[in-house]
Amino acid sequence: DAEGRLVGVVARWCAPADGCARAADLIDPDFPLLTSELGLVEAIDAFIAWPGDRLPLVDSQRLLLGMVTHTDILRAARDRLIKPASREGQ
């Protein structure tokens, strides 16, 4: 929007042949947002509910901070599960 807040994401599965002829037609305003306050389980739940492979990370003003991918979430889960266990064996 005019203040730089995130208003939607591009639905990559929507093509001109599907009736998406303008850039505005590609915007999906109904999508999960990730914030730095969310825990890993909540982020995983957001990905489960969303058919895409990435989600926006926003601040409290809905300003885009970056994009989080499935791979990012898997790495975070792995680090939580494996690294504490490997430290115990040291």
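Not measured: the values here are computed from a predicted model. These numbers come from the heavy atoms of this one structure, side chains and all, not from hydrogens, waters or symmetry mates.
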Atom CZ of R54 with >12 non-hydrogen neighbours under 6.0 angstrom: no
For L57 and S36, work out which heavy atoms get closest and say how close. CD1-N, 3.8 Å
Show the nearest heavy-atom pair for residues P56 and P32, with the distance to one decimal. CD-O, 3.9 Å
Reported CD-to-CD distance for the pair E3 and Q61, which is rounded to 0.5 angstrom: 10.0 Å
Return the set of residues passing ring pair (Phe, Tyr, Trp, His ring centres under 6.0 Å) with F47 (not counting sequence neighbours), or none when no residue passes. H70
E37: which residues meet the side chain to side chain donor-acceptor pair (under 3.5 Å) condition with it, sequence neighbours left out? T35
Quick one: side chain to side chain donor-acceptor pair (under 3.5 Å) partners of R75, sequence neighbours excluded? none
Under 4.5 Å between side-chain heavy atoms, hopping through other hydrophobics if needed: is there a path connecting L74 to I48? no
Linked, directly or transitively: I73 and L33 (ILVMFWY side chains, under 4.5 Å): yes
Would you indicate whether the side-chain heavy atoms of R80 and L40 approach each other to under 4.5 Å? yes
With heavy-atom distances below 4.5 Å as the criterion, would you say the side chains of L55 and M67 are in contact? no
I'd like to know if the side chain of D45 reaches the main chain of E42, judged simply by a donor and an acceptor atom lying under 3.5 Å from each other, with no hydrogens or angles considered. no
